[in-house]
Amino acid sequence: MIYTYLGPAGTFTEAALLQVPDARTSERIPAANVNAALEKVRSGAADAAMVPIENSVEGGVSTTLDAIATGDALQIVTEALVPITFVLAVRENIDSLEQIRTVSTHGHAWAQCRGWAESNIPQAEFVPASSTAAGAIALLDGESNHDAAICSPLVAQERGLKVLREEIEDYKGAVTRFILVTRPGPIPAPTGIDKSTVILPLAEDRPGALMEILEQFVVRGVNLSRIESRPTGEGMGRYFFSVDVDGHVAQARVADALTGLHRVCPDLRFLGSYPAAAGLTSAVDAHNSDEAFNRAQSWVGGLRERLLG
Ligand SMILES: O=C(O)C(=O)C[C@]1(C(=O)O)C=C[C@@H](O)C=C1
């Protein structure tokens with residue numbers, strides 16, 4: 001297996017990749033951004049890409065949501081959760097917060113430390129970086145000239161960076177969720193605690209269109225763990241929905257919901273069923289169990305066998 005991920009080494013995304021059992025002993029190619037990582041998978045240069053999809057404070061990672069919803073089909077095969085905490089690393093010549101004029105980091109990291117930054121370094125200008133690790137490593141580089149970087153404690157330690165403050169995140173206990181993406185192939189077997197992801201373009205903007213999608217899940221007792229709307233880019237008011245459901249396509253209620261969705265939303269994109277990183281608790285009512293679906297299906301099948309002709 002050749003893995004790729006949002007690099008360089010030292011990103012939270014690399015920490016997520018290292019949770020994959022064989023990733024530590026496999027080739028790992030850092031990519032400059034999420035699109036580049038996914039492109040390596042699409043072109044065959046890598047077999048799988050780890051990319052961020054959602055943070056518990058800042059929400060969905062738009063680049064990833066958009067990139068997996070369009071272009072050549074991809075498949076999610078697993079997910080990983082990484083606890084997030086940030087440090088403020090500085091250049092050697094900086095000794096106090098007052099000296100910091102520019103601070104670099106990834107946009108999602110900046111959003112998670114904005115409150116701290118406004119209170120503690122209000123004079124500092126934010127310089128976007130392609131990742132937290134890229135912003136941190138640039139401190140060592142004579143070319144770039146920002147004074148500070150917001151990054152993981154690990155990359156600061158590994159690169160020997162001077163750390164001025166620790167735990168600068170606005171919300172303690174934040175978590176980022178990552179997905180491992182491959183080219184379409186075999187779907188991982190159900191584990192009993194699984195998720196499925198589906199992209200649902202809204203065919204037309206009319207009353208009840210979203211309701212029609214949601215009721216496909218509701219009537220089968222399928223719980224949604226995430227729903228996000230993203231603009232398609234085709235004009236104002238044109239959206240698709242990115243949805244995670246609790247359950248696996250191998251389960252009758254999920255398969256039946258997908259069948260219903262295919263009727264109301266024929267251009268839907270199934271992105272995979274895969275083991276969930278944390279236990280899902282939603283209970284399944286008896287009438288939504290596989291047995292209930294199978295019994296109902298054979299009952300209707302029996303009726304149709306009696307059709308004349
Ligand atoms: O920059 C990194 O280290 C990343 O892995 C990206 C990323 C993200 O996209 O959300 C991952 C975790 C943190 O929430 C901040 C940045």
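Order of appearance sets the numbers: ligands from 1, and atoms from 1 within every ligand. Basis for what follows: all heavy atoms, side chains included, without hydrogens, waters or symmetry-related copies. For the single chain, residues carry numbers from 1 onward in sequence order.
- Here CG of Leu268 is found 6.0 Å from CG of Leu261. Values are rounded to the nearest 0.5 Å.
- No more than 12 heavy-atom neighbours from other residues, nucleotides or ligands sit within 6.0 angstrom of CD on Glu166.
- Using cut-offs of 30° and 60° on the angle between ring planes, the pair Phe12 and Phe86 is perpendicular.
- Residue Thr13 has at least one N or O atom closer than 3.5 Å to an N or O atom of ligand 1.
- The distance criterion of under 3.5 Å between nitrogen or oxygen atoms is met by Phe12 with respect to ligand 1.
- Given atom 3 (O) of ligand 1, the protein heavy atom at minimum distance is Thr132 OG1, 2.5 Å.
- Near Asn55, meaning under 4.0 Å from one of its heavy atoms, ligand 1 places the atoms 14 (O).
- Residue contact check for ligand 1: Glu14 places no non-hydrogen atom closer than 4.0 Å to it.
- Here is the list of ligand 1 atoms found below 4.0 Å of a heavy atom in Leu6: 4 (C), 6 (C).
- Taking a cutoff of 4.0 Å between a charged side-chain nitrogen and a carboxylate oxygen, Glu228 and Arg230 do not qualify as a salt bridge.
- Considering backbone and side-chain N/O of His108, none are found under 3.5 Å from N/O of ligand 1.
- The N/O atoms of Thr11, backbone and side chain alike, include none that comes under 3.5 Å of an N/O atom in ligand 1.
- A salt bridge links Arg220 with Asp256: the distance from a Lys NZ or Arg NE/NH1/NH2 to an Asp or Glu carboxylate oxygen falls below 4.0 Å.
- At a heavy-atom distance under 4.0 Å, only side-chain atoms of Pro52, from C-beta outward, approach ligand 1.
- For atom 16 (C) of ligand 1, the closest non-hydrogen atom of the protein is His106 ND1, 3.7 Å.
- In this structure, a donor-acceptor pair under 3.5 Å is present between the side chains of Thr85 and Glu169.
- Rounded to the nearest 0.5 angstrom, Glu27 CD and Ile29 CD1 are separated by 4.5 Å.
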